[in-house]
Amino acid sequence: MTQGQGQGHGEMRETYPSAGEVYRYRTAEGESGFTFSLDGAPLDGAPLESAAAGLESAITLDIESRETGEGLCRTASGRAYAFAWAWVGAELHLWLDGDLFVFQRAEGRRRGGAAGGESAAADVLAPMPGAVLEVLVAEGERVERNQTVVIMESMKMELVITAARGGIVRRVAVQPGQQVERGMRLLELAPENESGND
Amino acid sequence: MTQGQGQGHGEMRETYPSAGEVYRYRTAEGESGFTFSLDGAPLDGAPLESAAAGLESAITLDIESRETGEGLCRTASGRAYAFAWAWVGAELHLWLDGDLFVFQRAEGRRRGGAAGGESAAADVLAPMPGAVLEVLVAEGERVERNQTVVIMESMKMELVITAARGGIVRRVAVQPGQQVERGMRLLELAPENESGND
Amino acid sequence: MFAKVLVANRGEIAVRVSQTLRALGVAPVAVYSEADAGAPHVAAAVEAVLLPGRAAEETYLNIDRIVQVALDCGAEAVHPGYGFLSENPAFALACGAAGLSFIGPTAESMAALGDKVRAKDMARRAGIPVAPSSPVCRPGDAAVGEFVEQWGFPLLVKAAAGGGGRGMRLVNRRRDLDGAMELAGREALAAFGDGRVFLEHYIANPRHVEVQVLADGFGHTIHLGERECSIQRRHQKIIEETPSPALTPELRRQMGAAAIAVARAAGYVNAGTVEFLLDGQSGEFYFLEMNARLQVEHPITEAVLGLDLVEWQVRIASGESLTLVQDDILPRGHAIECRIYAEDPYRDFAPSTGRLLRWRPPSGPGLRLDSGVVQGQEVSIYYDPMLAKLIAWAPGRELSLRRMEVALAQFVALGVATNLPLLRAVVGHPQFQRGEYDTGFLEWNPAVTSPATSDELRTMARALAAWAAGQSAGAVSSSSSSLAAPGDGAAGRAAVNPWQSAGARRLP
Amino acid sequence: MFAKVLVANRGEIAVRVSQTLRALGVAPVAVYSEADAGAPHVAAAVEAVLLPGRAAEETYLNIDRIVQVALDCGAEAVHPGYGFLSENPAFALACGAAGLSFIGPTAESMAALGDKVRAKDMARRAGIPVAPSSPVCRPGDAAVGEFVEQWGFPLLVKAAAGGGGRGMRLVNRRRDLDGAMELAGREALAAFGDGRVFLEHYIANPRHVEVQVLADGFGHTIHLGERECSIQRRHQKIIEETPSPALTPELRRQMGAAAIAVARAAGYVNAGTVEFLLDGQSGEFYFLEMNARLQVEHPITEAVLGLDLVEWQVRIASGESLTLVQDDILPRGHAIECRIYAEDPYRDFAPSTGRLLRWRPPSGPGLRLDSGVVQGQEVSIYYDPMLAKLIAWAPGRELSLRRMEVALAQFVALGVATNLPLLRAVVGHPQFQRGEYDTGFLEWNPAVTSPATSDELRTMARALAAWAAGQSAGAVSSSSSSLAAPGDGAAGRAAVNPWQSAGARRLP
């Protein structure tokens, strides 16, 4: 585990990056910019892809931002990257050098696993308004990350809804034929280490 | 004077449009949009240009706005105009169909002339940082609207500073050679009907 | 020339048509649904009229209402754009009956070309190769057996009234054929009100190459070269380029002549596009269909030819003759278009809705943006999820692809998911850059539909997210000051250097 | 070709140069002052290096520092853009001494062309007409009397090292001459460190027409046609177009040949521009000077020729030969450029600073934007107030002017005053549209430098201001929610219809 170079107010954080992993990281603000160091292993035991390939190292960024939610950062090597961010509901969307990253707040996470089971991140939500065509899983069933769980129809197209992470289906909230609004919960998913708590 | 078509909460307002005139107008929100009626004569007795040419009539606008401070309005005849607005300090800048309009709040105006003499609108401010080259008026002197009162140098160019409205120079706040910041007061100007109050 | 024209569409194409109309001194009139009251296509027009409702059927597909609006506002002509009513013969007829010029082909041409079976017969009679196909048939018909005997499997079941991949089925085995024909027929009946189907020989992994045609009302027809449109997802083009990397000058000449022959056979007037399937290996091509309207991808043709196709559409519809001759058509350089959709390329292209919170399109040399959205706008479920089209032109293909790649990397869009990363992955793909691709490109290269971010960038993204989350509580809320609150315009500047506002930072 | 190039500039030209470098596969390195840390030209590059300080002298004019940065980052070449160090022979020499390629002409050409008197002599010897002028002289010299005897008044006193109108005086009477020479000399000494002056015959109301030249290191020189740059304020071009409405094919041929002759006489390599004064009536033209760099207005030449001038600059500097021949240079259509300045056209063009709170450039067919700013950026006092350039191209002049006019009317900029309304008034002016204008256009048409808003629009503006002022207290403050605060993304929507939020509205 590599320590960031900022002294003083390093803090422990948790987050859900887009691919569903949960990481710890430290941040600090130094004289010359913003320093970030990743705390190695992901929190929920999912495999950390390419952990050896630099994810554990600390990075220091010089950040210039505008009040429009856009900015520019430079790495220690002088490479310049534009970025922009916006909150979309509870998600922080980050545009960086042409790529989109989506982060979710880890509400309740620090309180420990069980009590935080109601967090939105564990649910499968309707990405847009439409009608439910099929529900492919049943309550109590175990699902893998990226497994197709529901098929919806919207804008005259079929939408394949997948689980953003693995877990146990705690509740199926909809049935075929039902009209749903955007953001409506389709399934409640309990993380595997919480299964049976409810 | 023509009455707007909105019922109910018509209100009396005052403002300083860009050219320096002060008008009364009424606004109301109706079923079909936003109604505005201009109250004829300007408040400070300056000549009302083209008063006969439609300035006195009421207009009704359908307004659609985005939270980005931009929008679109349609007149009763169906013509569509894009617009955008932003506060620049105490000024409301309005972009409408390719033209820029600058409005200042008429702070203190409603309390009657004399007491409101300290209002920012009566002062001549430095439009940008630079150095004062010449002050062309003296305290107690009467100036006309658009009269050149100060010459500054900024960005290697001479800036000609004019009075946005007529009045009496109450105080000269700078002297040649002096460095000034943007927005710094160069002259205090008393409206003519207030001269001698101070 | 007309004085006033109603633009019966929305989004980027309504904006684009209005821009040319205004440049020609013609007043464009917009129509808009309740969901589009603040949309850019309204701002692009001189007048705007509400079509009550939100659903397309109530609004942009409402023939009676649109014709009435055109009459009420004193328009002399109607431009239908693409999609919606643009290929609906009933709309063209209704315009004509109301005394309005329809900026497009005649209703007769449109009807003839809208029927795939009639269109193919017409092309065959004109001596143009078509993909081998059966007449309209039902399961069990003798024609079915004859066709299968001659051409075998795989084959395609297609709807006579089809389009956009609907009512189409790929069949690999005899025992699936009857079911597929039933299914395709039901789908076509639901979608087009016409359940007729036919069988077509399946050409594996073809290239999709189309030829732009322009014809006036005096019998003068020319072609404007080709567009390569093989990069598709779900039978929907997403990237187009011209010239096609697959065409030789001789093939270009042949396809151009074929396109003109089809247009002449259809008595075609105005701008239209003849679509072909091309076997990249053998150089054989087959007539597919003719689109009786302006195409989404027309800007790449404009870019290499230095023409405004909408200008010519309007001139031809107003009775002018086409003063261009075939020898005037000299393409210069290379152009590529990317369609930017509100959809998630990593989740099976699921459409994405929401508010466009950041929208900073790139600009610069060789770039053109045709956009139907602005920052702050709501992207709704009601209409097509295409937000904008980015076009890059350069003196050569390599440079135009690189311009596009750089521009896509700089295109900021937040609030809804977009296909920008996918477009970038395709344009930067070695196979694409060598011009070696066909309509199966996305299937062969599943990697482009998965995120391909470097670990370094992911780490940086996490760091920036942590930083930005810290901004939300303190500095960024001051951004509202510049939007609205008078007198405190300077407050937001503290956010420029994050470490200047450290005292205020507090994370949840 | 180079692998890495340092771009020694800022603003739109640094962005534009970086865009072409990236398209060529070359990594651009940006330098930036403390005032430009978040500027678009930094984002456009791959690497960026801070030049400590803010004033131009400390940063973008700091030869030693910039050369060191180029060496440190491993760049092989330097592109100077325009302005700053672009025509400074000492910089070109310093680059050469450090082993860096300078993307521009040789220091020798630059020095020769930078001296007006030497440049005119060179042109004269090459057989090119120049405005009649004296040798360098002082008050009382015999040369002064001789010149006045022959050419009379009015005449111009000009600095030998001059440029941009500095050290220049128009003299109408003999008794003002000595004083004017003294004054111009002092001004020139202060500005250029060189107080030499000369006299020049004054050509009243000329047109300013320039010819673009391209020359490689192997003796091959061509011209790329002309640009008409007569619309100026304070000797600063603000609108340019090509082709010039004043040129006949014969005149174009003559001026092109003259430009090539000047470039050859100066041993010129890379892209340069030969400026002429043209008497619109007689068709006589006079060599004025040669600009030894890329011009601000180069995009209109790119638009009609389908070329990338920066690409050729880089290729030539990297040792490639110019593969274009004169017969390849075939302009197509018409292009016009408007320079968008942060200045108030109604207050004597006073520069305007502040934060760009709204910035919504238009886009669409035929439009190109080269921009050095983004929304939210601070426009500072430190550098040139040009924000961006808008270029419109169309098949013909009328259409390109109308495209520009419509685009200017749709260009939203708030926070700093801009010259957008002036540009629009000029482009829409009947005289301009007829092509009947010269460098005195703004003086003759003072109306374009006064607001010309209809009463109807003013009334509407007042109504909207009243409405918007009401928004500030309530609805618009919710705009911050979409920027930062999590969880309440829908709150801003109440602002869409003002009468939905009536309860919250309260005016002071």
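These numbers were taken from a predicted model, which means no experiment stands behind them.
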request  = Output the option from C:A417, C:A413, C:P421, C:A461 having the highest count of non-hydrogen pairs under 4.5 Å with chain A.
outcome  = C:A461
inquiry  = Which residues pass the ring-ring contact (aromatic ring centres under 6.0 Å, His included) test with A:W95, not counting sequence neighbours?
reply    = none
inquiry  = Report which part of C:L457 has an atom under 4.5 Å of a heavy atom belonging to chain A: side chain, backbone, both, or neither.
reply    = both
inquiry  = Could you report the tightest heavy-atom contact between A:L92 and C:A468, atom names first, then the distance?
reply    = CD2-CB, 4.1 Å
remark   = Closest heavy-atom pair, C:V412 versus A:A84, reported as atoms and distance to 0.1 Å, is CG1-CB, 3.7 Å
From CG (A:D99) to CZ (C:R424), nearest 0.5 Å = 5.5 Å
query = Should A:E70 and C:R360 count as an ion pair when the cut-off is N to O under 4.0 Å?
reply = yes
key: Residue part contacting chain C, namely of A:A82, when any heavy atom lies under 4.5 Å   = neither
inquiry  = Nearest 0.5 Å, please: how far is CZ in C:R462 from CG in A:L96?
reply    = 12.0 Å
query = Would you say the side chain of A:L94 lies within less than 4.5 Å of the side chain of C:L414, judging by non-hydrogen atoms?
reply = no
key: Spacing of CG belonging to A:L100 relative to CG belonging to C:L420, to within rounding of 0.5 Å   = 9.5 Å
note = Applying ring-ring contact (aromatic ring centres under 6.0 Å, His included) to C:F432 and not counting sequence neighbours gives C:Y437
ask   = Hey, which of A:F101, A:F83, A:Y81 is the one that makes side-chain contact (heavy atoms from CB on, under 4.5 Å) with C:M460?
value = A:Y81
inquiry  = Please report the interatomic distance CG(A:D97) to CD(C:Q410), rounded to the nearest 0.5 Å.
reply    = 8.5 Å
ask   = Out of curiosity, C:E456 CD to A:T75 OG1, how far, rounded to the nearest 0.5 Å?
value = 6.5 Å
query = Which heavy atom in C:G415 sits nearest to a heavy atom in A:V88, and how many Å separate them?
reply = CA-CG2, 3.9 Å
task = Quick one: pull up CH2 in C:W467 and OG in A:S65 and give me the separation to the nearest 0.5 Å.
result = 3.5 Å
